[in-house]
Protein chains: 2
Amino acid sequence: MSENRIRILLVDDHAVMRAGLANMLNANPAFRVIAEAGDGATAITLFRQHLPDVVLMDVIMPGQDGIQTLHVLREHFPAARVLMLTSSEMEDDIIRSIKAGASGYITKAALPAELAAAIKTIHAGGRVIGPVIERILAQQACGIQVTQRELEVLALLRKGLSNADIGEMLDITPRTAKAHVAALLVKLEAADRAEAVARGFERGLLKP
Amino acid sequence: MSENRIRILLVDDHAVMRAGLANMLNANPAFRVIAEAGDGATAITLFRQHLPDVVLMDVIMPGQDGIQTLHVLREHFPAARVLMLTSSEMEDDIIRSIKAGASGYITKAALPAELAAAIKTIHAGGRVIGPVIERILAQQACGIQVTQRELEVLALLRKGLSNADIGEMLDITPRTAKAHVAALLVKLEAADRAEAVARGFERGLLKP
DNA sequence: ACCGCTATTGGCCGAACGGACAATACCAAT
DNA sequence: ATTGGTATTGTCCGTTCGGCCAATAGCGGT
């Protein structure tokens with residue numbers, strides 16, 4: 001009968017969380033955790049070995065994070081069904097996860113029953129977007145998005161670099177660096193570079 | 001026989017995590033989860049009702065966070081044994097937890113066996129500090145600490161306020177605000193207010 | 001081919017920043 | 001009582017910032 005169970009691969013750097021999830025899911029006759037990974041590379045390997053029905057993936061992981069892993073995974077296995085399960089509600093993480101081909105995104109604050117339902121939906125080929133997530137997606141859709149270049153500049157702002165320094169780092173004139181900073185201030189609705197950095201952290205554009 | 005089990009109160013806003021932990025701990029004959037709380041207020045109430053041997057508390061919670069809850073709990077029940085179990089490795093959270101009277105602090109990246117051992121140690125009256133945590137505490141001990149006033153200023157820097165604005169908000173001259181900012185730059189080893197904000201987030205002085 | 005977005009660069013200017021030097025007042029600890 | 005840390009305030013000055021004007025080049029989509 002266990003052949004009918006939904007075979008799950010857990011990916012989370014928190015061993016406690018993995019163990020807890022495994023216990024919980026295995027207690028449900030509909031599921032069976034067939035493998036666990038503590039990092040992205042292991043996740044890829046285990047997926048190849050076990051070809052699970054659904055992957056439960058944490059976004060935040062040291063080294064290769066969940067979204068990067070998701071990218072690699074979908075390259076090799078476009079049909080892979082991945083449910084991002086995370087404590088992070090960073091807008092950017094959500095957007096990037098969906099873009100990277102996640103079948104769903106729910107937070108760890110979800111009730112176990114919701115998680116179970118989500119896994120079943122994913123397995124059936126559906127998509128799962130939590131209520132909080134939907135709201136964020138909606139407001140992001142109409143919002144302006146930060147370009148790759150601006151993201152690089154933001155990362156340098158975080159390090160306390162001046163426009164001149166940024167220009168040197170990116171091999172552009174200080175004037176151009178200034179233009180990027182100005183664009184960031186507008187897009188992030190920040191009064192100065194300090195607030196821009198703060199907004200960067202709030203939006204998940206910058207990681208602690 | 002269940003009378004000999006260590007009675008545990010779980011406090012975590014993530015239902016999935018609670019369920020997982022409960023499953024895992026209850027599978028161990030040494031433990032018994034006797035109650036779960038999803039927020040600080042509930043945690044206090046449940047503690048009073050059940051008087052658990054050990055409290056497993058998450059630091060990050062919406063509303064009253066784990067550290068605030070810990071404060072309140074220790075006021076009413078100075079003998080309460082609390083193990084902070086969190087994914088956060090923010091220096092400031094750790095320092096404040098220990099100061100608030102936590103008996104231990106370990107991350108969710110710990111192995112289940114480590115968690116079990118930690119709970120037993122706590123229950124026996126000992127203290128548990130993870131290896132990563134110890135390192136952070138050590139470097140913090142010799143490091144300079146940010147004052148309350150500077151913390152207020154940092155919070156305003158984050159909002160993009162100028163020295164003049166900060167002065168108005170705190171009812172001090174712009175010059176004094178500038179002095180606090182200067183102190184922050186030195187203590188946080190930041191080149192400008194933008195980097196100071198970044199360091200604030202990295203150290204957990206600022207929350208997303 | 002044309003349009004929109006991005007990246008790039010320039011000059012000008014007032015306001016803000018950050019460093020350096022120095023001083024006073026308060027409070028807690030020794 | 002003296003010491004040390006914190007908070008407070010001051011002036012001077014060179015550097016940097018951020019806003020405003022405008023322009024060119026490239027790239028992808030209609």
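Predicted model only: the values in this text are computed from it and were never measured. Residue numbers begin at 1 in each chain, while the letters A, B, ... track the order of the sequences.
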- [ ] Report the distance from atom NZ of B:K178 to atom C1' of C:dC21, rounded to the nearest whole Å.
- [x] 12 Å
Task: A:T42 and A:T45: side chain donor to acceptor below 3.5 Å - done: no
Task: Contact list for DNA chain D against residues 151-172 of chain B - heavy-atom distance below 4.0 Å - done: B:I172
TODO: Please report the closest heavy-atom contact between B:R18 and B:A37, naming both atoms and the distance.
DONE: CD-O, 3.4 Å
Task: Spacing of A:K187 atom NZ relative to C:dA7 atom C1', expressed in whole Å - done: 11 Å
Open item on the list: More than 12 heavy atoms of other residues, nucleotides or ligands under 6.0 Å from NZ of A:K187: yes or no?
Closed with: yes
- [ ] Measure the distance from CZ on B:R193 to P on D:dC17 and round it to the nearest whole Å.
- [x] 12 Å
TODO: Calculate the interatomic distance between B:L185 atom CG and D:dT16 atom P; express it in whole Å.
DONE: 15 Å
Open item on the list: Tell me whether the side-chain N/O atoms of B:T176 come closer than 4.0 Å to OP1 or OP2 in D:dT9.
Closed with: yes
Open item on the list: Quick check on D:dT8: is either OP1 or OP2 less than 4.0 Å from any side-chain nitrogen or oxygen of B:H180?
Closed with: yes
Open item on the list: Classify A:A179 by what it touches in the nucleic acid, base, sugar-phosphate, or nothing, heavy-atom distance under 4.0 Å.
Closed with: base
Open item on the list: Salt bridge check, B:E195 against A:R158: does any charged N sit closer than 4.0 Å to a carboxylate O?
Closed with: no
Task: Base-contact (B) and sugar-phosphate-only (S) positions in nucleotides 22-30 of chain D, heavy-atom cut-off under 4.0 Å, - elsewhere - done: ---------
Task: Spacing of A:E195 atom CD relative to D:dG18 atom C1', expressed in whole Å - done: 14 Å
- [ ] Find which nucleotide of DNA chain D each of B:D192 and B:Q148 is nearest to by heavy atoms, and output the residue with the more 5' nucleotide.
- [x] B:Q148
Open item on the list: How bent is the helix from C:dA1-D:dT30 to C:dT30-D:dA1, measuring the angle between the end axes built from five pairs each, rounded to 10°?
Closed with: 50°
TODO: Taking A:R7 for its side chain and A:F31 for its backbone only, find out whether a donor-acceptor pair lies under 3.5 Å.
DONE: no
Open item on the list: Is there a side-chain contact between A:T147 and the phosphate of C:dA7, meaning an N or O under 4.0 Å from OP1 or OP2?
Closed with: yes
TODO: Go through the steps to decide whether B:K108 and B:D58 satisfy the test salt bridge (charged side-chain N to carboxylate O under 4.0 Å, His left out), and finish with yes or no.
DONE: CA-CA 9 Å; B:K108 287 175 181 174; B:D58 190 17; 3.7 Å; yes
Open item on the list: Which label fits A:F201 and B:F201: parallel for a plane angle under 30°, tilted from 30 to 60°, or perpendicular past 60°?
Closed with: parallel
TODO: Work out which heavy atom in B:V181 is nearest to a heavy atom in B:R193; give both atom names and the distance.
DONE: CG1-NH1, 3.8 Å
Open item on the list: So for atom NZ, which belongs to B:K207, do other residues, nucleotides or ligands contribute more than 12 heavy atoms lying within a distance under 6.0 Å?
Closed with: yes
TODO: Measure across B:L170 and B:V153 and return the closest heavy-atom pair with its distance rounded to 0.1 Å.
DONE: CD1-CG2, 3.8 Å
TODO: Mark yes when over 12 heavy atoms from residues, nucleotides or ligands other than B:E202 sit less than 6.0 Å from its CD; otherwise mark no.
DONE: yes
